[in-house]
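Remember, it's 1-based here, ligands and their atoms both numbered in the order they're listed. Fair warning: this is a prediction, and the values are worked out from it, not measured in the lab.
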Amino acid sequence: MSTPETPVVANFLRPIVQSDLDSGKHSKIVTRFPPEPNGYLHIGHAKAICLNFGLAKEFGGECNLRFDDTNPAKEDQEYIDAIKADVQWLGFQWAGQERYASSYFEQLHDWAVFLIKAGDAYVCDLSPEQAREYRGNLTEPGRNSPGRERGIEENLELFARMKAGEFADGAMSLRARIDMAAPNMNLRDPVLYRIRHAHHHQTGDKWCIYPSYDFTHGQSDAIEGITHSICTLEFEDHRPLYEWFLARLPVPAQPRQYEFARLNLNYTVTSKRKLKQLVDEKHVAGWDDPRMSTLVGFRRRGYTPGSIRNFCDMIGVNRAGGVVDIGMLEFSIREDLDASAPRAMCVLQPLKVVITNYPQGQVENLELPRHPKEDMGVRVLPFSREIYIDAGDYEENPPKGYKRLEPGSEVRLRGSYVIRADEAIKDAAGKVIELRCSYDPLTLGKNPEGRKVKGVIHWVPAAESVECEVRLYDRLFRSASPEKADEEGGSFLDNINPQSLVVLKGCRAEPSLALAQPEERFQFEREGYFCADLKDSQPGAPVFNRTVTLRDSWGQ
Ligand code: ATP
Ligand code: MG
């Protein structure tokens with residue numbers, strides 16, 4: 001068994017941080033989580049959040065939240081607000097105010113001028129198509145842009161005119177003078193500034209030139225005194241450039257970049273572009289649709305922040321990558337809810353049962369524990385002549401080994417009596433619409449004499465139960481790797497699971513659920529874990545979302 005003091009979960013960054021603290025290289029570590037505000041956070045981001053905030057917490061350091069907002073056309077205040085709420089919901093708090101790369105635009109501009117003056121940057125007037133062509137490819141070196149030979153004075157003047165708005169979008173760019181033959185394509189005179197006449201959510205219309213990601217990220221890290229700049233592996237090839245800027249500019253600190261493998265989950269899409277497409281094309285009800293892999297989606301589905309943090313701990317942090325089974329995430333929420341969610345009964349397909357030998361007008365208030373192990377008190381279920389059971393718990397012609405009700409058989413009602421099915425009432429089409437049963441008055445809290453009753457089924461009182469809507473959510477994609485279709489000429493949308501949402505109306509929940517609070521979570525006995533919907537659940541008219549089934553039934 002592991003204890004909290006000796007984490008066994010692999011995280012290759014922990015020893016690095018520890019040794020930087022031990023050696024005195026840093027007296028305190030500072031990390032950051034740097035989302036682009038161009039969509040909602042997804043489960044992959046949770047891994048990066050838990051990693052950055054988690055390391056800072058564990059080693060007594062700080063973690064910043066910095067919006068990487070250099071691409072105003074795709075960004076929006078809505079996303080900024082949502083990202084802040086998500087990080088806090090996950091249980092983390094950033095140091096001080098949230099930060100914006102755009103707050104450093106002035107400084108970045110001055111550093112661009114610094115590079116021009118040092119002969120390390122030039123204005124290029126190749127069109128975007130020409131620039132692509134001049135760049136070469138993995139096997140062929142690139143060619144120098146004609147602008148590369150411009151003198152410093154002319155570069156300064158052109159850059160000033162770019163900034164003043166004299167040129168159209170794409171007409172010119174500012175590039176670093178590095179090496180057009182570098183085997184690493186990122187070093188082939190990368191773009192530092194682009195012209196983009198666009199309104200920015202933070203800086204308004206102040207700028208019409210915007211710095212590139214590469215020219216922004218490392219310097220922003222340096223400005224904030226970030227010690228360990230942790231990003232995903234696709235930035236590994238950008239590290240030489242990250243270091244090239246830090247080495248040449250008069251930056252106040254020298255952060256170091258480390259890369260880890262991004263989270264890939266099977267049955268799941270974690271690309272903001274694709275998630276946005278699902279929303280825009282209305283394949284789901286919104287970013288917070290409970291089938292989405294967004295944090296707002298998981299939240300609305302009923303996932304707890306703790307279950308997501310646990311999951312991130314379980315998968316560890318390494319550079320190897322691979323695909324994680326979504327079953328691990330489901331395991332994590334089951335484990336959490338098994339311990340924390342009170343039990344309740346809800347009948348999804350109600351079938352009325354009249355207990356013919358139960359005295360008219362009599363009511364017994366039965367007390368059932370709210371949790372089998374934890375002390376959560378009791379709930380009261382009134383028991384009388386008319387109840388509902390689930391239509392699936394009665395079979396005229398049951399398969400072998402069936403343990404529920406069949407003609408003439410007995411079953412125990414959870415926390416109540418044993419009843420026997422005497423007669424089924426059918427409609428004109430032959431469908432069972434009501435059962436007539438009798439109960440054994442000697443079986444409350446004890447087994448009947450001389451016979452064994454195997455099955456236990458759930459039930460609710462007919463009169464006092466509350467009508468509710470239940471939304472049975474399942475995985476959004478039926479294929480383990482939905483994005484494979486994109487590589488094969490199809491679309492990930494082809495893999496949407498048509499049964500990913502089944503809405504049941506007219507379900508009946510036990511009376512204590514009438515006032516379920518939005519986001520209150522329950523185990524509906526024999527049915528799964530559910531939570532009252534954040535938006536649509538009303539007092540007296542609850543709506544429940546299925547978070548996860550009781551057991552993993554996929555792949556069976
Ligand atoms: P997407 O590919 O979904 O658009 P992104 O990487 O462009 O994601 P950012 O907003 O730039 O999204 O991400 C912020 C941080 O989260 C980055 O440090 C990024 O590396 C990290 N991150 C994004 N996706 C994942 C993932 N699947 N696993 C781990 N970290 C991730
Ligand atoms: Mg990104």
S.K.: For the pair H228 and H26, name the ring-plane relationship: parallel under 30°, tilted 30 to 60°, perpendicular over 60°.
M.R.: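 Perpendicular: the ring planes of H228 and H26 meet at over 60°.
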S.K.: From atom 11 (O) of ligand 1, work out which of R262, E36, R32, R273 has a heavy atom at the shortest distance.
M.R.: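 Checking each option, the heavy atom nearest atom 11 (O) of ligand 1 is found in E36.
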S.K.: Quick one: does F235 get a heavy atom under 4.0 Å from ligand 1?
M.R.: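 Contact check F235 vs ligand 1: negative.
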S.K.: Applying ring pair (Phe, Tyr, Trp, His ring centres under 6.0 Å) as the test, list every pair that has at least one member in residues 303-323; sequence neighbours left out.
M.R.: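 Those involving residues 303-323 are F298-Y303.
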S.K.: What I'd like to find out is whether the side chain of V30 reaches to under 4.5 Å of the side chain of E224, using heavy atoms alone.
M.R.: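 They are not in side-chain contact.
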S.K.: Pull out every atom of ligand 1 sitting under 4.0 Å from any heavy atom of S271, numbered as shown with elements.
M.R.: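 Selected atoms, number and element: 3 (O).
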S.K.: Could you tell me, atom by atom, which parts of ligand 1 come under 4.0 Å of a heavy atom of T232?
M.R.: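 Ligand 1 atoms under the 4.0 Å threshold to T232: 19 (C), 20 (O), 29 (C), 30 (N), 31 (C).
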S.K.: Below 3.5 angstrom, do we get any N/O pair linking L263 and ligand 1?
M.R.: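 Indeed, backbone or side chain, L263 has an N or O that close.
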S.K.: Parallel, tilted or perpendicular: which fits the ring planes of F492 and F477, with parallel below 30° and perpendicular above 60°?
M.R.: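 Because their plane-to-plane angle lies in the 30° to 60° range, the rings of F492 and F477 count as tilted.
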S.K.: Which of the atoms in ligand 1, numbered in the order shown and given with their element, are less than 4.0 Å from a heavy-atom of F260?
M.R.: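 Listed by number with element: 29 (C), 30 (N).
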S.K.: Which of these, R300, R299, K535, sits in a salt bridge (charged side-chain N to carboxylate O under 4.0 Å, His left out) with E519?
M.R.: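 Of all the options given, the one that passes is R299.
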S.K.: Do R301 and Y473 have side chains that get closer than 4.5 Å, going by heavy atoms?
M.R.: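 SC-SC contact between R301 and Y473 confirmed.
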S.K.: Is there a nitrogen or oxygen of E234 sitting under 3.5 Å from a nitrogen or oxygen of ligand 1?
M.R.: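 E234 vs ligand 1: no N/O contact under 3.5 Å.
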S.K.: I need the atoms of ligand 1 closer than 4.0 Å to a non-hydrogen atom of T270, numbered in the order shown.
M.R.: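 That gives atoms 3 (O) of ligand 1.
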S.K.: Side-chain contact test, heavy atoms from C-beta onward, threshold under 4.5 Å: evaluate it for F159 versus V113 and give yes or no.
M.R.: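 Result yes, sub-4.5 Å side-chain heavy-atom pair found.
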S.K.: Relative to atom 3 (O) of ligand 1, which among H217, H42, H45 owns the nearest non-hydrogen atom?
M.R.: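 Result: the heavy atom closest to atom 3 (O) of ligand 1 is in H42.
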S.K.: Under 3.5 Å between any N/O of N38 and any N/O of ligand 1: does that happen in this structure?
M.R.: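 Between N38 and ligand 1, no N or O pair is found under 3.5 Å apart.
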S.K.: Give the numbers and elements of all ligand 1 atoms closer than 4.0 Å to a heavy atom of A48.
M.R.: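 Every atom of ligand 1 under 4.0 Å from some heavy atom of A48: 16 (O), 21 (C), 30 (N).
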S.K.: Do Y193 and S173 have side chains that approach each other closer than 4.5 Å (heavy atoms only, starting at C-beta)?
M.R.: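 Answer no - side chains too far apart.
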